[in-house]
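A quick write-up on the structure given underneath.
What you see is a predicted model; the values in this text were computed from it and never measured. What you see below is based on every heavy atom in this structure, not just the backbone, and it leaves out hydrogens, waters and symmetry mates.
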Amino acid sequence: MSERKRIYLCLAHMSEEGWEQKYVKEAFDTNWVVPLGPNVNAFEEDLRAFVTQVEDEKLKESLAEKQVVALSSGTAAVHLGLLACGVGPGDEVLVQSFTFCASTHPITYLGATPVMVDSEPETWNMDPQLLEEAIKDRIAKTGRKPKAIVPVYLYGMPAKIAEIMTIAEKYDIPVVEDAAEGFGSKYHGQVCGTFGKYGVLSFNGNKMITTSGGGALICPSTEAKNKIMWYATQAREAYPYYQHEAIGYNYRLSNVCAGIGRGQMKVVDEHIARHRQIAAMYEEAFRDFDGIEFHKEMEGTESNYWLNTILLDEKLKVKNEECAYAEAVHGAVGGAAGVVHGGGSVHTDCEPNVNVEAMRLNLDKAGIESRPLWKPMHKQPVYKNVPAYVNGVSESLFKRGLCLPSGPMVSDEDVALIIKTIKESIL
């Protein structure tokens, strides 16, 4: 593609006023080029104000104690949230199977075992009924309760978090909400990530706002925040020399990256509004189109539509299906980075249908990046031996689904081209 514009899946957009450059320049001008500083503190306060914003006064009071710690990644936030819940070697953690590996890998960092729980078909997130079945079964089989529950807000779509919290409270199991993809999404007016004991945010380069790389953990209190900050700064004790009485981590966000985040907070509402505008265009385009289903939010919720997704009917015929899976992928797909380990084969035991792969290739040929949905963790080879409670929902969605460009950099003209390309690919 020498001259044709490439339409990427989701890239964060810098503010036109240049706030990011202003705060980053301040960091360099004051020599605060370290994993702490004025930008970090201010960014945490901005995040705290954002995630606790509610209209209901009673609800506002219940969120008043929430605090936020800025960290180097969303994965680090999951890790420290689980650590703070007491997860350790030999424990089990119930986690949504339909997710990115950052939700599950930190469980293994702590020597615990992830127990996969499948999704319900409405929001695509953790199935509350299956969750309770899994809790009962793990207690019966191990004699112990799981140590934590990790639901995910897949593609920004709010989960049935009220039902999940009711079950968690019934069995007295703490919840670590993975809201990495759900920054700004709301469930009945409350921001996702503020329901559980801890809430995870991500500011990777493809998220709603970015710090280039980074994340944050929403904590229940100032005391909890201080403990997380202690773990995130190598668990250093208060002595005039380095004293360590516990294992800590180098997880604090840098003052430079936090400066980018402060600038991004100036435009976060615009970013969310743009994602929702794009969602409305996709929904309208595929509303009455036979064989394509747009995934939309549940009543009473407000999704940020981080990534807009569609499902292709398995009977739908797409141009160039004969070219799908014709050869193995040897490098990065689309904008994926860090893919240096070749898979070596064309097929796996669970993969998107031929028409979905053909559609992805057709879009790619037109300069449009798209990707399959997350492959369920219980179908990943690395987790083949862990307990899993499945109902077939996530596997079915993975085989039929496709993520479409959704970021602030995607124009109305881009959306029109994407829709046109998809429709013209149908036989």
Item to check | Whether K423 side chain and A285 backbone form a donor-acceptor pair below 3.5 Å | outcome: yes
Next on the checklist: Are there over 12 heavy-atom neighbours, none belonging to L427, within less than 6.0 Å of that residue's CG?
Outcome noted: yes
Item to check | ring pair (Phe, Tyr, Trp, His ring centres under 6.0 Å): pairs with one or both residues in residues 196-220, sequence neighbours excluded | outcome: F43-F203, F183-F203
Item to check | Under 3.5 Å: donor-acceptor pair, side chain of E177, backbone of G196 | outcome: yes
Next on the checklist: Before you tell me yes or no, could you show the steps for H79 and I107 under side-chain contact (heavy atoms from CB on, under 4.5 Å), namely the whole-Å CA-CA distance, both residues' side-chain angles and the distance that decides it to 0.1 Å?
Outcome noted: CA-CA 7 Å; H79 186 188; I107 299 169; over 6 Å; no
Next on the checklist: Please tell me whether S97 and D118 have a donor and an acceptor in their side chains that are separated by less than 3.5 angstrom.
Outcome noted: no
Checklist outcome for this item: All heavy atoms of A148 vs all of V87, minimum pair found to be CB-CG2, 4.2 Å
Checklist entry - Within a reach of under 6.0 Å around CD of E322, are more than 12 heavy atoms found that belong to other residues, nucleotides or ligands? => result yes
Checklist entry - Ion pair present between K141 and D137, side-chain N to carboxylate O less than 4.0 angstrom? => result yes
Item to check | Expected output: side-chain N39 to main-chain N255 donor-acceptor under 3.5 Å | outcome: yes
Checklist entry - How far apart are the closest heavy atoms of S425 and T421, and which atoms are they? => result OG-O, 2.7 Å
Checklist entry - Do you see a donor-acceptor pair shorter than 3.5 Å between the side chains of R400 and S396? => result yes
Item to check | Closest non-hydrogen atom pair between A70 and V40, with its separation | outcome: CB-CG1, 4.2 Å
Next on the checklist: Let's go through T123 and E120 carefully: what are the C-alpha distance in whole Å and the side-chain angles of both, what is the deciding distance for side chain to side chain donor-acceptor pair (under 3.5 Å) to 0.1 Å, and is it a yes or a no?
Outcome noted: CA-CA 7 Å; T123 74; E120 39 79 16; 2.3 Å; yes
Next on the checklist: Within a 6.0 Å radius of atom CE on M409, are there more than 12 heavy atoms belonging to other residues, nucleotides or ligands?
Outcome noted: no
Checklist entry - Do H347 and Y325 have ring centres separated by under 6.0 Å? => result yes
Checklist entry - Does the H275 side chain pair with the main chain of S406, one donor and one acceptor, at a distance under 3.5 Å? => result yes
Checklist outcome for this item: Note: V69 and C219 closest approach over all heavy atoms is CG2-SG, 4.0 Å
Checklist entry - Cation-pi between R262 and Y23: NZ/CZ under 6.0 Å from ring centre and within 45° of the ring axis? => result yes
Checklist entry - Around K145, counting heavy atoms of other residues, nucleotides and ligands shown, do more than 12 lie under 6.0 Å from its NZ? => result yes
Next on the checklist: With ring pair (Phe, Tyr, Trp, His ring centres under 6.0 Å) as the rule and sequence neighbours excluded, what pairs involving residues 377-398 come up?
Outcome noted: H105-Y383
Checklist entry - If you draw a 6.0 Å radius around CD in Q277, do more than 12 non-hydrogen atoms from other residues or ligands fall strictly inside? => result yes
Checklist entry - Among S103, S73, P106, which one satisfies side chain to side chain contact (heavy atoms under 4.5 Å, CB included) with V78? => result P106
Checklist entry - For K22, does the NZ atom have more than 12 heavy-atom neighbours from other residues, nucleotides or ligands under 6.0 Å away? => result yes
Checklist entry - CG of D412: more than 12 outside heavy atoms within 6.0 angstrom? => result yes
Next on the checklist: Using only atom types and a distance under 3.5 Å, with no angle test, would you say the side chain of T210 pairs donor to acceptor with the backbone of K207?
Outcome noted: no
Checklist entry - Going by the angle between their ring planes, with limits at 30° and 60°, are W374 and Y155 parallel, tilted or perpendicular? => result parallel
Checklist entry - Can you name the nearest heavy-atom pair linking P128 to I164, along with the distance? => result CG-CG1, 4.1 Å
Checklist entry - If you look at every heavy atom in A134 and V117, which pair is closest and at what distance? => result CB-CG2, 4.3 Å
Checklist entry - Do you see a donor-acceptor pair shorter than 3.5 Å between the side chains of S119 and N125? => result no
Item to check | Residue pair H244, Q234: steps toward the side-chain contact (heavy atoms from CB on, under 4.5 Å) verdict | outcome: CA-CA 8 Å; H244 302 281; Q234 302 287 24; 4.2 Å; yes
Item to check | Evaluation steps, salt bridge (charged side-chain N to carboxylate O under 4.0 Å, His left out), between E16 and K266 | outcome: CA-CA 10 Å; E16 294 182 3; K266 302 285 187 182; over 6 Å; no
Checklist entry - Can we call the ring centroids of H295 and W124 under 6.0 Å apart? => result yes
Checklist entry - Would L417 and V415 satisfy side-chain contact (heavy atoms from CB on, under 4.5 Å), going step by step from the backbone distance to the final call? => result CA-CA 5 Å; L417 175 61; V415 175; over 6 Å; no
Item to check | salt bridge (charged side-chain N to carboxylate O under 4.0 Å, His left out) evaluation trace for D414 with K5 | outcome: CA-CA 9 Å; D414 292 336; K5 175 186 177 183; 2.7 Å; yes
Next on the checklist: With no hydrogens and no angle check, just 3.5 Å: does a side-chain donor-acceptor pair link Y187 and E302?
Outcome noted: no
Checklist entry - Should R274 and E270 be marked as a salt bridge (charged side-chain N to carboxylate O under 4.0 Å, His left out) after you check the CA-CA gap, both sets of side-chain angles, and the distance that decides it? => result CA-CA 6 Å; R274 180 56 186 163; E270 295 174 26; over 6 Å; no
Checklist entry - Going through the checks in order, is the side-chain contact (heavy atoms from CB on, under 4.5 Å) test met by T233 and Y251? => result CA-CA 7 Å; T233 51; Y251 279 170; over 6 Å; no
Next on the checklist: Using a 3.5 Å distance criterion without hydrogens, assess whether the side chain of E92 forms a donor-acceptor pair with backbone atoms of P146.
Outcome noted: no
Checklist entry - Strictly by modelled atom types, are T348 and K375 linked by a side-chain donor-acceptor pair under 3.5 Å? => result yes
Next on the checklist: Just checking Q129: does its CD atom have more than 12 heavy atoms from other residues, nucleotides or ligands closer to it than 6.0 angstrom?
Outcome noted: no
Checklist entry - E321 and K319: salt bridge (charged side-chain N to carboxylate O under 4.0 Å, His left out), yes or no, with the steps? => result CA-CA 6 Å; E321 285 188 17; K319 291 179 181 176; over 6 Å; no
